[in-house]
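Worksheet: the structure to be examined is printed underneath.
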There are 4 protein chains.
Amino acid sequence: MALPRSGPVRSEAARLAILRAAASLLTERGYDHLTMEGIARQAGVGKQTIYRWWPSKGDVIAEAILEGHLLAARREPPDTGDARADLATWLVELFSLRSSPEGEGLLRSFIAAAAGNAETGRRLRAEILAAPLMLRLSRAMGVATGPRLDAAADALLGAVILRALSREEFGADDMLALVDVIVGTHPRAEEDTASPAASVG
Amino acid sequence: MALPRSGPVRSEAARLAILRAAASLLTERGYDHLTMEGIARQAGVGKQTIYRWWPSKGDVIAEAILEGHLLAARREPPDTGDARADLATWLVELFSLRSSPEGEGLLRSFIAAAAGNAETGRRLRAEILAAPLMLRLSRAMGVATGPRLDAAADALLGAVILRALSREEFGADDMLALVDVIVGTHPRAEEDTASPAASVG
Amino acid sequence: MALPRSGPVRSEAARLAILRAAASLLTERGYDHLTMEGIARQAGVGKQTIYRWWPSKGDVIAEAILEGHLLAARREPPDTGDARADLATWLVELFSLRSSPEGEGLLRSFIAAAAGNAETGRRLRAEILAAPLMLRLSRAMGVATGPRLDAAADALLGAVILRALSREEFGADDMLALVDVIVGTHPRAEEDTASPAASVG
Amino acid sequence: MALPRSGPVRSEAARLAILRAAASLLTERGYDHLTMEGIARQAGVGKQTIYRWWPSKGDVIAEAILEGHLLAARREPPDTGDARADLATWLVELFSLRSSPEGEGLLRSFIAAAAGNAETGRRLRAEILAAPLMLRLSRAMGVATGPRLDAAADALLGAVILRALSREEFGADDMLALVDVIVGTHPRAEEDTASPAASVG
DNA sequence: CACTAATCGAGACGGTACGTCCCGTCTTCAG
DNA sequence: CTGAAGACGGGACGTACCGTCTCGATTAGTG
C-alpha cells in the first residue's frame with residue numbers, strides 16, 4: 001500500500017509547460033543547444049521541478065515525444081491504396097525533418113537524443129517511429145507480423161536515419177528504390193510496365 | 001597562386017597527439033564526455049592549437065576516424081567464401097561496438113558525433129563504414145554497383161545503427177535474417193532474374 | 001518598496017572566503033599576479049560566485065580593503081605626544097609596505113588596483129589611508145578641518161605614493177623633512193621663524 | 001673594442017615603429033588593454049623583435065616616455081612671470097591627463113605602468129615629470145636645490161597623482177591651495193587674511 | 001484548525017567546460 | 001644575423017550550464 005502522503009500533488013500545469021517548452025526548444029534550436037535552464041526559463045518553472053520528476057534531459061525529451069508534443073503531425077501515415085508508395089511518401093516526409101528551417105535538423109536532434117539516452121532511443125524506435133511504419137509495411141509486404149517484417153522495418157527506418165546522419169540528399173526516387181530493395185520488386189515484376197495490381201501483394 | 005608565407009609550419013607532432021588523444025578519449029569515455037580541454041590535456045597541447053586547425057570537436061573526430069585512429073581493426077572484412085555469412089559476421093562485429101566496456105557505446109558515440117557534425121556524418125558513412133560493407137555486399141548480391149546496391153548498403157548499415165540506438169539486443173541470427181531480407185534468401189542464385197516468388201516467403 | 005524575493009540568500013561564508021583569499025593572495029603575490037581563478041580556487045568557490053557579486057577584480061580588492069582584510073594593523077596611528085613625529089612614523093610604516101618580502105610591494109599593488117579601478121581608488125584614499133592621516137595631521141597643524149588640511153593630507157600621502165612608485169629609498173629623515181615642508185617647522189621650534197635661511201642650505 | 005658582428009644591425013625603423021605604436025595604443029586604450037601582440041601588429045613588426053630589445057612591456061613604455069613619444073607637448077612649462085601660477089597651471093594640465101577622451105586616463109595608465117615596472121616608475125618621476133616641475137618650483141620657492149625642494153616636488157606631484165588615483169575632481173583653485181600649502185603663502189603674505197603666521201603654524 | 005509535509009518559483013552554490021585572448025618562446029624563411 | 005610572420009604550450013578570462021541546495025509561499029491531507 002502507498003505510504004500516506006500529505007501536501008499538494010504534482011502540478012499538471014508545470015508538467016505540461018515543461019514538455020511544451022522542451023519540444024519547442026528542441027525544434028527551434030536543436031538537441032545540443034537544449035538546456036535544462038532554458039527549459040525551466042521558458043516553462044516558467046524552477047529547475048528543481050524538472051529534476052524532481054525527470055532524471056535527465058533525455059527523459060524529458062522521451063516523454064515529450066511519447067505524448068506527441070513532437071512529431072505529432074507525422075504519426076498518421078497516408079493511405080492512397082498503393083501501400084508501397086504510401087510507405088515511400090511517409091519515409092520522405094520523415095526524412096524531410098532532417099532539414100528544419102532553423103537548420104539544425106529535428107531528425108538528427110532525435111538521433112542525438114537517442115544516442116545519449118537509452119529511454120529516448122528505445123521509445124523513439126518502438127513507440128513512435130516504428131508504429132506507423134509497421135502498419136504501412138505490413139500492407140506493402142502482405143505480412144502481418146514476424147521477424148522478416150521487423151527486419152524490414154529496421155532496414156527502412158535505419159536507412160533513412162543513416163542518410164539523415166550523412167547529410168545525403170534523398171529524393172522520392174531514391175526512397176522508392178529503397179522500398180523496392182527491401183519489400184521486393186517482384187510483385188511489380190513485370191508490371192514496371194504491365195501488372196500494377198500485383199504491387200499490393 | 002598562394003601568397004608565399006614564412007613562419008613556422010604546422011606541427012605534425014601536435015596534430016597526431018591531438019588525434020590520438022581524441023580517439024582514446026572517445027573510446028574510453030564516450031562522445032559526450034569528450035571535451036576539448038580533455039583532449040588538449042591528454043595531448044599535452046594548448047587548446048588554441050586545437051581550435052586553430054579544427055572548428056569543432058566533431059571535426060577532430062572526423063579526422064581521427066578518417067585517418068584510422070578509430071575503427072582501424074574493423075575495416076578489414078573477413079572472407080570465408082560465403083559472402084552472405086561474411087557480411088553478417090562483419091555487421092555483428094560492428095554492432096558489438098554498441099557496448100564498449102565503459103558502457104557508453106562506441107558506435108553510439110559515433111552516431112552522436114555524426115548527428116552533431118556534418119563532416120563526421122558524411123565521412124562515417126561514405127569512407128569508413130560503407131567501404132568494407134560495399135565490398136562484401138556486392139559479392140553477396142552479385143552486383144558490382146548501382147542504386148540497388150547503395151540502397152541495400154544503407155538499409156543494412158542503417159538497421160544496425162537503429163538497433164544500436166534503441167539498445168535492442170541483436171544476435172547473429174537476427175543479423176542473418178536482416179541480411180536475408182535485404183539480399184534475398186535465395187542461394188544468391190540466378191533468382192535475381194529467375195525466382196521472384198521466393199523473395200516473398 | 002523592494003519586491004519580495006524568495007530563494008536562497010547570499011552566502012556570507014562565500015563572501016568572506018573570497019575577500020580573505022583576495023587579501024592573502026594580494027599580499028603574497030602582488031596585484032598583477034592576482035587572478036580571479038586563483039581567488040576562487042583559494043576560497044573554494046566557483047568563479048561565478050565572484051562574478052555574481054563583484055564586477056571586477058578591483059571591486060573585490062576595494063571591498064577587502066574597506067572591510068579591513070588588508071591594512072588592518074596599519075590603521076591605528078601611534079600617539080606619543082609629538083604629533084609631527086607620530087605623523088612621520090605612520091608614514092614611514094605606510095611606506096614600508098612598498099617592499100613586501102615577496103618583492104612585489106603591497107603599496108604598489110594597492111596603487112595598481114586603484115589605477116585600474118575607480119572604486120578602489122576612491123576608497124583607498126578616502127576611507128582607509130586618509131583617515132588616520134587626517135587625525136595626526138590635524139593635530140600637527142593645529143587645524144581641525146578645511147581645504148588647507150585636505151591639501152596637506154594629499155601632499156603627504158601623494159609624496160609617499162610617488163616615492164613608492166619610483167622605487168626611491170625613503171628613510172625616517174626624509175620623511176621628517178617632508179613633514180616639515182608641508183606642516184611647517186615653526187610651531188615646534190622657534191627656529192623656523194628665527195633661521196629660515198637654514199632650510200635652504 | 002667591439003667584437004666583430006655580421007648581419008644587419010638593429011633596425012631603427014622597427015624601433016621607432018614599436019615606440020610609436022606603444023605610445024598610440026597606450027593613449028587610446030589605456031595601460032591594461034595594451035598588449036605586446038597589439039604593439040607588434042600596429043607596428044608591423046614581429047613579436048620577437050620587441051622581445052629582443054626590451055625585456056617587458058613596461059620597458060617599452062619607459063623608453064617611449066623618455067623619448068618624448070608620450071607627454072611630449074607637456075614638458076614645456078609656461079612662463080608668465082608669476083612662478084606660482086605657472087606651477088599651478090602646469091599641474092592642472094598634468095592632472096587633465098587623468099581624463100583622456102577615451103576614458104581610461106592617461107595619467108592613471110602611467111601610474112599603472114609605474115606600479116608594475118621599476119624602470120618606468122623611476123624614469124617617470126626622475127626624468128619626465130620632475131624636470132619641468134623642479135624648474136618652476138625652484139623659481140617659486142626661490143631655492144635652487146636641496147632636500148626641501150625635493151620634498152616639495154614630491155609633495156606636489158604626489159598630490160596630483162593621488163587625486164588622479166582617487167578620481168577626485170580637482171580644479172585650478174584647489175591646485176592653487178595646494179601650491180600655497182607647499183610653497184608657502186608668504187610672498188602673498190598680507191592678502192590672505194592678516195595673520196599669515198597663523199596659517200603656517 | 002492547526003500541523004505537517006510535499007509542491008512550487010526562484011535562484012545561489014561549487015563546479016566543469018566553453019571558446020577567446022595574450023603571454024613569452026620557438027621555428028621558418030627572406031633579405 | 002635580423003626581421004616579419006606566426007605556431008606552439010600555457011594560463012586566465014568571463015560566460016553558460018550542470019545538478020544540488022536553500023529559501024519563502026502555497027496547498028493538501030492528517031490529527
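In the text below, chain A, chain B and the rest are named by the order of the sequence lines, each starting its count at 1.
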Separation of atom CZ in D:Arg41 from atom P in F:dG3, rounded to whole Å: 20 Å
Per D:Met36 side chain, nearest of listed nucleotides F:dC8, F:dT22, E:dC23: E:dC23
Nucleotide E:dC8, atom P - distance to CG of A:Leu16 in whole Å: 13 Å
For atom OH of D:Tyr51 and atom P of E:dC22, their distance in whole Å: 12 Å
Value in whole Å for how far the C1' atom of F:dA28 lies from CZ of A:Arg10: 17 Å
For atom CG of A:Asp59 and atom C1' of F:dG19, their distance in whole Å: 14 Å
Nucleotide of E:dC8, E:dG14, F:dC17 approaching A:Ser11 most closely (side-chain heavy atoms): E:dC8
Ionic contact status for B:Glu67 with B:Arg15, cut-off 4.0 Å: yes
Distance below 4.0 Å between A:Thr49 side-chain N/O and E:dG9 OP1 or OP2: yes
Distance, rounded to the nearest Å, where B:Trp54 contributes CH2 and E:dC18 contributes P: 15 Å
C:Gly121 backbone acceptor or donor facing C:Arg123 side chain under 3.5 Å: no
Given DNA chain E, 5'-ward residue of the pair C:Val45 and B:Val9, judged by closest heavy atom: C:Val45
Comparing C:Ala43 and C:Glu37 on DNA chain E - which has the more 5′ nearest nucleotide: C:Ala43
Any D:Arg52 side-chain N or O less than 4.0 Å from OP1/OP2 of F:dG3: yes
Side-chain-base donor-acceptor pair under 3.5 Å for D:Gln48 and E:dC26: yes
Sugar-phosphate, base or nothing in reach of C:Gly38, heavy atoms under 4.0 Å: nothing
Integer-rounded Å distance: F:dG3 C1' and D:Ile50 CD1: 12 Å
F:dG19 base / A:Lys47 side chain donor-acceptor hit below 3.5 Å: yes
Side-chain N or O of D:Trp53 closer than 4.0 Å to phosphate OP1/OP2 of F:dG3: yes
Rounded distance [0.5 Å steps], OG in B:Ser109 versus CD1 in B:Ile61: 8.5 Å
Gap between atoms CG and C1', on A:Asp32 and E:dA17 respectively (whole Å): 14 Å
Interatomic spacing from CE in A:Met36 to CG in A:Leu25 - rounded to 0.5 Å: 12.0 Å
Distance, nearest 0.5 Å, that separates CD1 of A:Ile39 from CD of A:Glu37: 10.5 Å
